[in-house]
Amino acid sequence: MREEEAYQDLAALFAAEDRKMDPKPFVAGVMGKVRRRTLRRKLVIFGVGTVGAAVAALQVPKLFGEWITVDNTIVSAISTAQQQAGMQAGLLSTTNPLWIGIAAMVVFSLAAVATMERA
Amino acid sequence: MRTDPDLAAEAARGSETAFAELVRRHQARVRGMARRLTGSEAGGDDIAQMTFLTAWQKIGTYRGGTFSAWICTICWREFLQVRRRTRPEIEFDETAEIIPFERPSDAQDDKMDLTRALEQLSEAQRVCVVMCVAAGLSHREAAEATGWPLGTVKSHVLRGVEALRKHLAKPEVA
């Protein structure tokens, strides 16, 4: 006989006591906290990621500038966008389509990562 | 019906529905364990909630085996953390004699026989009885969860069950 079987009667008493507990409020409470934590995590990842991507994007012209074989139009376009961002942040998106494309890709990637990310 | 490992795998991929099902399945076991370890319903439910939140964060580390043993191990660790914060003066000792719960005296009257009998055990016996008898872990699983030698766990369960039966058989308790 297994040792555990020696106290089946007591185990049944404990189990009967446990069955009296109402699971619904507890499960709802736990899952509410899980969802809040997940949302908070996604917001933090998205926020930090966006800032990081913005900082990285600002370094692109410098990086490409030292790379002679890269098409100069990309470098000049980003540099122009950078300057415009400093002067006319509100008009940026309408004046440089390449910048819009880069920003869209960054936002799309970050959104995908943040959405797939689990707590 | 999906098995616990299947649900855990889904939860690890981000399924909150699968995790909610795991919580629903195991909440009684974990709450019961936490309540009996702390001797308090509210305190026990707080620990049980922390247990499931930790489980959600670490669900990716679950590598099969009995899910109940995995979740009860987390519950035991959460209990120890709370215990260290609230009663740092009493170091846990599996050889220690009776350490009563700290509770207001007027709560005693409402206690059920089983819980009252459980309170009469030494803390180590109570832990082993709660894990093996109430939560349904095997002796080996309880030994792995607590880090105590298997022989020690077996001995505490044996003596604890014996004492529990004795207390339950008393006319003023039973």
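Order of the sequence lines sets the chain letters (A, B, ...), proteins ahead of strands, with each chain counted from 1. FYI, side chains are in, hydrogens and waters are out, and symmetry mates aren't considered; it's all heavy atoms of this structure. On a predicted model such as this, the values are computed, not experimentally measured, just so you know.
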Kindly work out whether a path of hydrophobic side-chain contacts (I/L/V/M/F/W/Y, heavy atoms less than 4.5 Å apart) joins Ile71(B) to Met21(A). no
Less than 4.5 Å to any heavy atom of chain A: does that hold for the side chain of Leu164(B), its backbone, both, or neither? side chain
Would you list the pairs meeting salt bridge (Lys or Arg N to Asp or Glu O under 4.0 Å) in which at least one residue belongs to residues 25-35 of chain A, sequence neighbours left out? Arg35(A)-Glu16(B)
Who passes side-chain hydrogen bond (donor to acceptor under 3.5 Å, both in side chains) against Arg24(B), sequence neighbours left out? Glu21(B)
Leu80(B) reachable from Val127(B) in the ILVMFWY side-chain graph, under 4.5 Å edges: yes
Chain A contacts, top residue of Val161(B), Leu53(B), Asp45(B) (heavy-atom pairs, under 4.5 Å): Leu53(B)
For the residue pair His139(B) and Tyr7(A), categorise the inter-ring angle as parallel (less than 30°), tilted (30 to 60°) or perpendicular (more than 60°). tilted
Answer with side chain, backbone, both or neither: which region of Ala135(B) has an atom nearer than 4.5 Å to a non-hydrogen atom of chain A? neither
Side chains of Phe19(B) and Met31(A): does their closest heavy-atom pair fall under 4.5 Å? yes
Under a single-linkage definition using a 4.5 Å side-chain heavy-atom cutoff for Ile, Leu, Val, Met, Phe, Trp and Tyr, are Met131(B) and Leu158(B) assigned to the same hydrophobic cluster? no
Inter-residue atom distance Gln57(B).CD - Arg37(A).CZ, 0.5 Å rounding: 5.0 Å
Side chain, backbone, both or neither: which part of Val130(B) has an atom under 4.5 Å from a heavy atom of chain A? neither
Close side-chain approach of Val23(B) and Val34(A), heavy atoms under 4.5 Å: no
Has Arg25(B) got more than 12 heavy atoms of other residues, nucleotides or ligands less than 6.0 Å from its CZ? yes
From CA spacing to verdict: side-chain contact (heavy atoms from CB on, under 4.5 Å), Leu168(B), Leu10(A): CA-CA 10 Å; Leu168(B) 287 170; Leu10(A) 287 174; 3.6 Å; yes
Identify the two heavy atoms, one from Val133(B) and one from Ala11(A), that lie closest to each other, and give their separation to 0.1 Å. O-CB, 3.4 Å
Are the side chains of Val30(A) and Gln27(B) in touch, meaning some heavy atoms are under 4.5 Å apart? no
Side chains of Leu118(B) and Phe14(A): does their closest heavy-atom pair fall under 4.5 Å? yes
Hey, are Asp18(A) and Arg36(B) close enough for a salt bridge, meaning a charged N less than 4.0 Å from a carboxylate O? yes
Hey, any chance Trp56(B) and Leu39(A) share a hydrophobic cluster, counting ILVMFWY side chains that come within less than 4.5 Å of each other, even indirectly? no
